[in-house]
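Excluded from the calculations below are hydrogen atoms, water molecules and symmetry mates; all remaining heavy atoms, backbone and side chain alike, are included.
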Amino acid sequence: MNDNLNLFSGSVSSKNIIVEASVDNIVKKIQSLVHKQNYDEIFFDWIRCMFYTYSNTCNKIGAEDREEKYKNIVKKYGEGIIDVFIDCNVDLIQLFEKNIDDYLGKIHHKLEVHNKMKGQFFTPFHLSKLLAYTRFEELKKELDSGKNIKITDSACGSGCLILGMLAVLKEKGINYQNKIFISCSDLDENAIQMAYVQLTLAGAKARCKNEDALTGKCFGSWDTFSYAISGDTSLEFGVDYGRY
């Protein structure tokens, strides 16, 4: 892989290591960028950089095209802003190491990107967890019986509903990586890239598609790193648990 396609290259300042990672700190870093682009454009270019980096570690189809798109973003902003993207990515990794949450959805909201992009509002995470709690016992029963579970969401947005279930499973001490496969899609390319990044950082075995749920037309499909390296395609054919 070309060194240009590496969101982990470059240095991370000691200041950013000392300051505890948080959604608010990521928002402040993005808002601190002085550039001709609006926050929404900067935010989604940051998402794209992470998506291109993570997906190219384990998805060969379209890899060269994604690498070229990454290079174009670097040329668009310059190394200074890319370094901020790197810092924000490190913060996001640290947040997922602590807890599972819809962090990108929250950043999306705090930057008020939702006011500009088609009036999109992602499900509040506390509601996603509440829905997950209502299904937990039923899901646990299936898992305890030895069945593999497939969770499907055909309009996943940033992946909030799925992340809510993964958070509850983690709280209950259940290793969702062993028995659960996630199939999610969204027609909005920005949204599915957000979901892909977050499911990758959550360590979920998932296939994410940029797909029209009504027509079935698929514009792109990417496996998360955990699923790609597992070599276990049997999870994909487990009990379909429908949408959360």
Side-chain angles (χ1 to χ4, degrees), residues 7 47 50-59 89 91-108 122-123 125-133 135-136 138-140 142-144 147-186 188-211 218 220-244:
L7 204 58
I47 298 298
M50 292 189 290
F51 170 74
Y52 298 150
T53 298
Y54 291 133
S55 61
N56 265 29
T57 63
C58 53
N59 294 272
N89 185 34
D91 286 350
L92 188 64
I93 292 170
Q94 292 176 346
L95 289 172
F96 269 97
E97 287 176 348
K98 294 178 181 179
N99 295 296
I100 296 175
D101 204 326
D102 181 20
Y103 296 112
L104 293 182
K106 289 181 176 180
I107 296 167
H108 177 277
F122 297 126
T123 306
F125 192 67
H126 69 279
L127 293 181
S128 295
K129 288 188 70 176
L130 180 62
L131 289 171
Y133 279 122
R135 301 289 302 277
F136 172 74
E138 184 181 357
L139 179 58
K140 185 176 182 300
E142 297 290 345
L143 290 171
D144 288 344
K147 295 178 181 177
N148 292 332
I149 300 298
K150 177 181 178 181
I151 297 177
T152 305
D153 190 341
S154 57
C156 67
S158 60
C160 188
L161 292 174
I162 296 170
L163 291 166
M165 175 52 75
L166 298 184
V168 170
L169 290 171
K170 185 176 180 180
E171 288 176 6
K172 300 291 187 178
I174 295 176
N175 186 350
Y176 53 78
Q177 293 177 318
N178 291 335
K179 292 289 185 179
I180 292 179
F181 170 75
I182 295 164
S183 175
C184 63
S185 62
D186 202 285
D188 187 294
E189 186 177 16
N190 291 324
I192 195 61
Q193 289 181 0
M194 290 169 69
Y196 180 87
V197 169
Q198 297 199 110
L199 290 173
T200 293
L201 293 180
K205 292 179 178 177
R207 177 164 292 162
C208 304
K209 297 180 181 180
N210 180 203
E211 185 175 65
C218 183
S221 177
W222 312 275
D223 293 346
T224 59
F225 184 76
S226 291
Y227 185 51
I229 67 170
S230 70
D232 185 6
T233 58
S234 65
L235 286 175
E236 188 175 352
F237 304 101
V239 178
D240 196 336
Y241 225 66
R243 177 178 177 176
Y244 278 95

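Taken to the nearest 0.5 Å, the CD atom of E171 stands 9.0 Å off from the CD1 atom of I100. Distance SG/C156 to CG/L161: 9.0 Å, rounded to 0.5 Å. Atom CG of N89 and atom CD of Q94 lie 10.0 Å apart (nearest 0.5 Å). Taking CG of L201 as the start and OG1 of T224 as the end, the distance is 10.5 Å to the nearest 0.5 Å. Taking OG of S221 as the start and CG of N59 as the end, the distance is 7.5 Å to the nearest 0.5 Å. From I47, atom CD1 reaches atom CD of Q193 across 8.5 Å, with rounding to the nearest 0.5 Å.
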The test is side-chain contact (heavy atoms from CB on, under 4.5 Å); show your working for N148 and F181 and say whether it passes.
CA-CA 8 Å; N148 292 332; F181 170 75; over 6 Å; no

How far apart are the C-alpha atoms of I162 and C184, what are their side-chain angles, what is the distance that settles it, and do they pass the side-chain contact (heavy atoms from CB on, under 4.5 Å) test?
CA-CA 9 Å; I162 296 170; C184 63; 3.7 Å; yes

Assess the residue pair K205 and S230 against the criterion (side-chain contact (heavy atoms from CB on, under 4.5 Å)); give the C-alpha distance rounded to whole Å, side-chain angles, the decisive distance to 0.1 Å, and a yes or no.
CA-CA 8 Å; K205 292 179 178 177; S230 70; 3.8 Å; yes

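Nearest heavy-atom pair, Y54 versus T57, reported as atom, atom and distance to 0.1 Å: O-OG1, 2.6 Å. Closest approach of K170 to E97, counting heavy atoms only: NZ-O, 4.4 Å. When all heavy atoms of F136 and I174 are compared, the pair lying nearest together is CE1-CD1, 3.6 Å. Across all non-hydrogen atoms, the minimal contact from S158 to L163 is O-CD1, 4.1 Å.
For the pair D153 (side chain) and G159 (backbone), a donor-acceptor distance under 3.5 Å is absent. For the pair N210 (side chain) and D186 (backbone), a donor-acceptor distance under 3.5 Å is present. Side-chain atoms of Q177 come within 3.5 Å of backbone N or O of G203 as a donor-acceptor pair. Remark: side-chain polar atoms of Q198 are paired, donor with acceptor, to backbone N or O of L104 under 3.5 angstrom.
At least one side-chain heavy atom of L169 sits less than 4.5 Å from a side-chain heavy atom of I180. Put simply, the side chain of Y103 reaches to within 4.5 Å of the side chain of L92, judged on heavy atoms. Side chains of I182 and L166 form a contact here, defined as non-hydrogen atoms less than 4.5 Å apart. Under the 4.5 Å side-chain criterion, counting only non-hydrogen atoms from C-beta, K140 is not in contact with K172. I149 is not listed as a side-chain neighbour of K179, based on a closest heavy-atom distance of 4.5 Å or more. Residues I151 and Y176 fail the side-chain proximity criterion, which asks for heavy atoms closer than 4.5 Å. Residues F51 and E189 form no side-chain contact, since every pair of their non-hydrogen atoms from C-beta on lies 4.5 Å or further apart. Proximity of S226 to L199: side-chain heavy atoms (C-beta onward) are nowhere separated by under 4.5 Å.
In this pair, Y196 and W222 present their aromatic rings perpendicular. The plane angle is above 60°, beyond the 30 to 60° band.
For K106, the salt bridge (charged side-chain N to carboxylate O under 4.0 Å, His left out) partners two or more places apart in sequence, or in a different chain, are D101.
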